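One is the number of the first residue; the rest follow in order along the sequence. From a predicted model like this one, the values you see are computed outputs, not experimental measurements.
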Amino acid sequence: MVLDDVEWLVERQEPHVGRVQLVRADGERQRVSFRFLVNHPRCRPSSRTAAEGANRGRQLASWSDVKPEKRPLMEQRFAHLMEINCGFRSGDPFSPGPEEPRPEYDPDRTTLTERREAKAAELSALRPEEAKLLLGVAHVGARTLERWEKRRKKYGIVGCADHRWLRASGGHPSISEEVREAIFAVRQETQQHRSRVSARTREIMIRRYVRETFEDANEAEDQEENEEGSKGREVKVPSYHTLLRVWKEWFGPGGARPKYERSAELPTKNGHVLVTRPGQVVALDTTILPVMVRENVFGDPVTVHFTLALDVYTHSICAFRLTMVSDSSVDVAMMLRDVMLPLPMREEWGEDMEWPYPGLPAAVVAEFAGHTVAALPFFTPETVTSDHGSVYRNHHLVDVQEAMGCRILPARVLRPQDKAAVERTFGGIRSLVFEKLPGYTGVDVADRGADPEGDAVLTLSQMEHVIATWVVGTWQNRRLGGFAPCWDPGGDHSPNTLFAASFAQEGFDLDIPSPETYYRFLPEHHVKRIYRRGVKVKGLWYDAELLHQSDLHSARGGRYKKQWVIHREPRDRRMVFFQDPDTHEWHELRWTGLPPDGEMPAFGDARVEELLTRVREAGLKPRSDSDLVPILLKMLGAVDPVANWSSQLTKSQRTQHAREITQARAAAADRPKAPKPSQAKDAPPRLAAVGGRETEPPWRERAREATESLDTHRRRRREAAGPRKPSESAPLGSSRRGRNLFVIADDDAPPDAPATDQQSRDAQATKEDRNE
């Protein structure tokens, strides 16, 4: 392995004490613990290891890289491996299939080797055609099963995929530059203007574009040069099947109807789900908070959205989010990340709200988490169920749930009983908490008071703190009543006692995700190449020195061959994130329009779309993103005086600015930060809004930052337009001579003599240079 850029050899393992013996090339030995190696930021496997050398220089494959037609084969292999391990094809002993476990796969009667040999004999009995149709290979032996199991333990379900499905891309030599231009032109025409057409029609359109654009132009040029009028160079267009394969690789299969093309493909629910353990089913839902709160920027009363994650078995509120205007997929993705992370203790919480569950001491959990943990369960969800809202059905959130390894179980249409638990929880919170707070709006408009906006006194951060304190202190210890477990329907149980009972029944998997999970849960963008300007993501260019390495080439295979993966933060578009294929470390790519000195106010996707729309409507064609900075800063409020900025904006404009500031703070809270030596191990609250007591109102600070950024941008443009060279020292008396070189300076000038015009101009220029 490589530790701090030095290669070490693992000489001996001591699992009984949790340590390993390392030896260096010069003979130096070092004895370290497993925990030290796992948590070391600069420890990675060496490329000289055969199993790891194949992935050097390539980004790790994920579930989305496997083509849709190959996923059933991968799932079949995974099911056979699960039957070998535990006797059940689903991998869940509490959800057995018909006649499971079979006698030859019963783990209580057979060993692992016997089950593997029985599975090899079962698959060998199949005909080669059947085995290839079901598993992708004609023959499966015990050695093949061992290799699949080894890769599954290391990479998950993706390890069951054939390496040939994800091999490094070799490209398509038959796709020339002319054909490539024709494919993108047809893609733009069919996606933006025309209705849906067949693949044959697209092929005809590609050939027409090539013939009319390139062949006719070449023929005209040859006729001018050659009087005999010889034919122009013919551009060879690949066959229909090649074009179809390239189209699917670049743009996807496109099998959905245009109206539902951007909707995620979700599996349907079959049968009844019996929930028997925590984390088996987590229900998600979003509703409008029935309390008017004041946003933290201008103090205006606003309506916020309340997103909740509920464990169906224990009825524990694992995580929640308050978002202004509406929630997005990245907010829900970060809430799912919060479900897997332990909740840190807050300053106002006492010892009665600390981790109370028996079987796992609080000191052990705090040691792994790095901070004291509150009395709220955390786990990796196995199944996520939600309604059919657009925020839950988009591609990004579906990819996040697949990356977590959980199944997607959408509720049936017009079947509210599928997620009745979370709906009942909303009603319980409303009657127990929200009705007691000022600014309560009631169930509907008819029950609303005379002026709920004027009654609102709590800010968004204060409301979040009230809900979090009530959840940990009251809800987790409240008697469930009719929601008691099936094994003790008449007992007095609370979410905390049910979660504690699960320790004695099935134990607890202390699996805390790494901080890098934040980057993996951001939306992905597949970039085909890296330009001199960097990479372009959603209309903006991002760049860093890392992208301009001479040997930087993408070797990804599968669905996105030879493409780079860039992760975008929709709440803060000032940077994107890129994973180094060699070290697998995450790097920040800054927007090329950012000034080199100082910071620019944060802006999100909505502001970028508005900016690009204004530029496009004005007919501007900026040469670089630096030309967009003045327009963006004017939109952020730099054109108005700071003293009158809040009074000149309309309520909708103030709400938009407040939403951007709130989203930027939430993104900063979710983003992992490098620990400082002077800081303690207290982590930021998982669900708390960022910020506290500030020296000036946030809107004044935002306007001040915009004004300073605009001044910095203008000064940088002036320096770039005319670089100032250091001038040589002027001869004695030159300031008095002015422009006449034949005037001799006076030797005895009185000290109080008035300055000439030239001296005044020189002094003014010197003062301006000093100010700049």
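Ion pairing between Asp543 and Arg533 fails under the 4.0 Å rule for side-chain N and carboxylate O. A salt bridge does not link Arg614 to Glu617: none of the charged side-chain nitrogens sits closer than 4.0 Å to a carboxylate oxygen. Classification of Arg607 and Glu660 as a salt-bridged pair holds, one side-chain N sitting under 4.0 Å from a carboxylate O. Contact check on Arg207 versus Glu203 returns a salt bridge, with a Lys/Arg side-chain nitrogen under 4.0 Å from an Asp/Glu carboxylate oxygen. We find that Glu129 and Lys132 are not joined by a salt bridge, their nearest charged nitrogen and carboxylate oxygen being 4.0 Å or further apart. Using a cutoff of 4.0 Å between basic side-chain nitrogens and carboxylate oxygens, Lys419 and Asp285 are scored as salt-bridged. Ionic pairing of Arg571 and Asp670 is present here: one or more N-O contacts between side-chain nitrogen and carboxylate oxygen are shorter than 4.0 angstrom.
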Margin query: The test is side chain to side chain donor-acceptor pair (under 3.5 Å); show your working for Arg71 and Gln76 and say whether it passes.
Written below: CA-CA 9 Å; Arg71 291 172 187 171; Gln76 284 291 335; over 6 Å; no

Check: Should His80 and Trp148 be marked as a ring-ring contact (aromatic ring centres under 6.0 Å, His included) after you check the CA-CA gap, both sets of side-chain angles, and the distance that decides it?
Finding: CA-CA 10 Å; His80 287 297; Trp148 289 354; 8.3 Å; no

Note to self: Run Trp564 and Phe578 through ring-ring contact (aromatic ring centres under 6.0 Å, His included) and show every step you take.
What the structure shows: CA-CA 9 Å; Trp564 297 108; Phe578 173 76; 5.6 Å; yes

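The CD atom of Glu189 sits 15.5 Å away from the CZ atom of Phe184 when rounded to the nearest 0.5 Å. How far CH2 of Trp250 is from NZ of Lys528: 5.5 Å, rounded to the nearest 0.5 Å. Rounding to the nearest 0.5 Å gives a distance of 7.0 Å between CG of Asp582 and CD of Gln549. Atom CG of residue Leu546 and atom CD of residue Glu585 lie 10.0 Å apart, to the nearest 0.5 angstrom.
A side-chain N or O of Tyr542 and one of Arg573 form a donor-acceptor pair less than 3.5 Å apart.
For the pairing with Val527, the side chain to side chain contact (heavy atoms under 4.5 Å, CB included) check across Val565, Ile566, Leu547 returns one residue only, Ile566.
The aromatic rings of Phe214 and Tyr209 sit perpendicular to each other, their planes meeting at more than 60°, with 30° as the lower class boundary. Between Phe320 and Phe306, the angle of the ring planes goes over 60°, which puts this pair in the perpendicular group of the 30/60° scheme.
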